[in-house]
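Within every chain, numbering begins at 1; the chains are lettered A, B, ... in the order of the sequence lines, protein sequences first and strands thereafter. Since the structure is predicted, the reported quantities are computational estimates derived from the model, not experimental observations.
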Protein chains: 2
Amino acid sequence: MPENARATHLDAVRERNLASVLGAVAHHQPVTRARLAELTGLTKTTVTGQVAVLERLRLVVGADPVRVGGRGRPGAPVSLAPGPVAGLGLEVNGQYLAACVLDMTGAVRARATVAGDNRGRRPDATVAALADLAGRIAAEAAASGLDIVGTAVALPGVLVEDRVNAPNLGWDAVPAADLLTAALPVQPFGVTVDNEANFGALGELWYGAGQGAGSYLYLSGETGVGAGIVVGGKLFRGAHGAAGELGHVVVDPDGRPCRCGGAGCLEQVAGLDALLRTAGIPDASGTAAAGLAELERRLAEGDPAALQAAAAAGAGLAIALTGAVNLLDPDTVVLGGIHARLAPWLVPTVEAAVARSGSRLRGRTPAVRAASLGTESAVRGAAGTAIARIFADPGALA
Amino acid sequence: MPENARATHLDAVRERNLASVLGAVAHHQPVTRARLAELTGLTKTTVTGQVAVLERLRLVVGADPVRVGGRGRPGAPVSLAPGPVAGLGLEVNGQYLAACVLDMTGAVRARATVAGDNRGRRPDATVAALADLAGRIAAEAAASGLDIVGTAVALPGVLVEDRVNAPNLGWDAVPAADLLTAALPVQPFGVTVDNEANFGALGELWYGAGQGAGSYLYLSGETGVGAGIVVGGKLFRGAHGAAGELGHVVVDPDGRPCRCGGAGCLEQVAGLDALLRTAGIPDASGTAAAGLAELERRLAEGDPAALQAAAAAGAGLAIALTGAVNLLDPDTVVLGGIHARLAPWLVPTVEAAVARSGSRLRGRTPAVRAASLGTESAVRGAAGTAIARIFADPGALA
DNA sequence: CATATTAGTCCAGTATCTAGACTTATTCAT
DNA sequence: ATGAATAAGTCTAGATACTGGACTAATATG
């Protein structure tokens, strides 16, 4: 039996149309009310009313009347307001905490990072440190006239029923959303928690290398390897929110056993630890960043072990991504995290494999690119998500 | 910049609520208006009005007042009408054409199959034969008081921008939807064309082994191997509708070259041709069904070559499905087509592999089952899709 | 047989959108 | 300069769909 649609009431129409007008402003700013009416299919009357609401919510402001030289009365254009409404993105990582404030226009208005080893630290201690960082950056934002209305937090782990498993942090079934909601100030849009790969995918989609792609796959490589899947501009989360575990796709049936219980997983050839091991770089624990830098140096020099490590990673990625492309049919594949840094050694292999496989079926070959936001993909995506929630339901600010 | 919602008008509210009421009837029939008001969150007044519309459209009918023994005035329940509104499903396959008529309740009201080799036949000839079959079954349905309002057609190929590539039929960029729309009578809901694996997935979801699964993966094995992906009760089509090409996931990097351009694809170990080859069964062309029967016989006898073929297919499926499960996070995996018939020899291997990999991350292990509709999965899914379009927009019948 | 209880209908009221007339602001031609 | 043409934005009336509560209908209970 097909599923059924949820009932809608009249006020829902208003809310939807408010979101629709705000979205049209975002995509076409600066834009007049008359043009908004064309864009949304609503009448001028309705648009005027909705714009008035959005102005009252301080989400849009009147812009300078940019005349191009038409005939009649010139329109009074509106644009997204560069404040005071803002969203906060936070990120917890093995090596650092990061924060980033975005205003409605998507501009970065504040950012901060706190280095420190979060692996093995107690979850509540990490959450307290994050709340402290959030408090400081919120104060900084307030000083420049911004008001944070929602927060999103990127974690390096899998969400299972509102609990987070993050092996690289030593977190096991931690109710992260609850802890964070309790630790952070109350906000109209509350706190959203998700996987670092998912937010990274959105970050690159909105502000980085994924712009313009309707559907794409973002590969997030650190110690572990994960993927964020975007379809039609939205995250694909799977049935229980655990989609995108690309790191545990089997790329070598006879390969090394993996901490996931399987063997020959992608993570065992393309994760940071695996790369350093194969390249013969000592695992000076806690200095992952240093290890990566050393690997890059040796690759640039042409060190054979390093090149072999990159080749193995490239081959593994090629197999895993070929499979993912056949299964998901994306526009674009973006390599993020360590794989963005190693892109020169990986992209050609991956691109060739993806182009070869299935090309005779699909006709079209997805582009393969390196991420362009570096280590910021996930925080930016998180902050963007906080903003996106405002776009989805601006009326909730009232 | 986040995407924007489309504007809604008042009449859209009416349409949505009409669909909502119809859906509630479907899921809870027989059901009174008062209960429908509770279920949908609409008022009794509104529900009464909507039910009146649905009765006028002949989608629901009054049912016998089933009293359980409450106090007050007994309700006058309504149920889905077992006619005259009906949907038609069609399927084109290498070896046969099939058709199936479903009424609103999901009951099969007519079915027919025409055997014949469609491989290499000209697309327009195949379409003409299909239209002929559709005409005959529509006449049969009309004789029992049914009126077909929409048709869906399952094809063994990939859709690329409204054109179908179906290597097993010899179809290359055939504008199937246009040909079929022209060949079939005009209907309110028109003609929907999709992949056989996608419709098979929906067929098993609604009427077969996938019932109750929110998200699942349906494996459709014939000469080729494809997958239908259902997420949250809806098909996942990917960016360009070509998602689910599981047959071309790499399961053996050193394996045989494949017609897709790659090498070591799943299809090369788990497709029907590959299975027969490995089992040493001569490829008596055109008798695929006979080949499969022979393979089953030899497996039952314990023939070593046949067992080896099944083991290789099982191992390949295990790798491909493990990857798919990690990427998509479904509830359930359903093996369809030839793999349903071979399930006894495949399910244990696949189930063990899927349970092993990623279990430490996700906690939950998807169930692995054989399809239960046999060769009918795809036609049933197609017919169900025709019906589903009525459920999605009942007002379009007016 | 009266009362309680629940189903379904009727009717007035509210919120939202639409349509078209009207006002305002600007350009272009005379 | 001045008036016609043009386009933006506002105002008013009207249509539509839902809500809420009063009302009628049908049945069980005591």
Side-chain angles (χ1 to χ4, degrees), chain A residues 5-21 24-25 28 30-55 60 62-79 394-395 398, chain B residues 5-22 24-25 28-56 60-79 394-395 398:
Chain A
R6 213 174 337 292
T8 313
H9 306 269
L10 278 179
D11 45 349
V13 173
R14 195 97 223 260
E15 278 170 33
R16 262 185 77 87
N17 287 344
L18 196 63
S20 171
V21 171
V25 171
H28 299 89
V31 59
T32 65
R33 290 163 181 75
R35 178 101 184 87
L36 284 172
E38 280 175 38
L39 289 166
T40 58
L42 300 166
T43 58
K44 288 188 292 177
T45 310
T46 304
V47 168
T48 299
Q50 303 280 38
V51 168
V53 173
L54 293 173
E55 282 181 321
V60 307
D64 292 330
V66 197
R67 264 312 255 180
V68 266
R71 249 189 210 288
R73 168 176 169 177
V78 293
S79 290
Chain B
R6 211 172 338 292
T8 313
H9 307 268
L10 278 180
D11 45 349
V13 173
R14 194 94 223 261
E15 278 170 33
R16 262 186 77 87
N17 288 342
L18 196 63
S20 172
V21 171
L22 181 58
V25 171
H28 300 89
Q29 61 177 331
V31 59
T32 65
R33 289 163 179 76
R35 179 101 184 86
L36 284 172
E38 281 175 38
L39 289 167
T40 58
L42 300 167
T43 58
K44 288 189 293 176
T45 310
T46 304
V47 168
T48 299
Q50 302 280 39
V51 168
V53 173
L54 293 172
E55 282 179 322
R56 210 173 321 120
V60 307
V61 289
D64 292 330
V66 198
R67 264 312 256 179
V68 266
R71 250 190 211 287
R73 168 176 168 178
V78 293
S79 290

Of A:A34 and B:T43, the one whose nearest nucleotide on DNA chain D sits closer to the 5' end is A:A34

B:D11 has a side chain; which of D:dA17, C:dT9, D:dG9 sits nearest to it? D:dA17

Candidate nucleotides D:dG9, C:dC28, C:dT9, ranked by approach to the side chain of A:R71 - the nearest: C:dC28

Could you check how far [atom1] of [X] sits from [atom2] of [N], rounded to whole Å?
X     : N      : atom1 : atom2 : answer
A:K44 : D:dT12 : NZ    : C1'   : 14 Å
B:L42 : C:dG8  : CG    : P     : 15 Å
B:E38 : C:dT6  : CD    : C1'   : 11 Å
A:R33 : C:dT23 : CZ    : C1'   : 16 Å
A:R16 : C:dC17 : CZ    : C1'   : 15 Å

Are a donor atom and an acceptor atom from the side chains of B:T43 and B:T46 found within less than 3.5 Å of each other? yes

A:T40 side chain to A:L36 backbone, donor-acceptor under 3.5 Å: yes

[X] side chain N/O closer than 4.0 Å to the phosphate oxygens (OP1, OP2) of [N]?
X     : N      : answer
A:Q50 : C:dC17 : yes
A:R14 : C:dC17 : yes
A:T46 : C:dT16 : no
A:N17 : C:dC17 : yes

Taking all atoms of both residues into account, what is the closest heavy-atom pair of B:G49 and B:R14, and its distance? C-NH2, 4.2 Å

Which atoms form the tightest heavy-atom contact between A:V21 and A:L42, and what is the distance? CG2-CD1, 4.0 Å

Regarding D:dC11, can its base be found pairing with the side chain of A:T45 as donor and acceptor, where the two atoms are less than 3.5 Å apart? yes

Taking atom types as they are modelled, is there a donor-acceptor pair under 3.5 Å from the base of C:dT24 to the side chain of A:R73? yes

Toward the 5' end of DNA chain C, by each residue's nearest nucleotide, A:L18 or B:T32: B:T32

Taking the side chain as every heavy atom from C-beta outward, state whether A:P394 and A:L54 have any pair of such atoms under 4.5 Å apart. yes

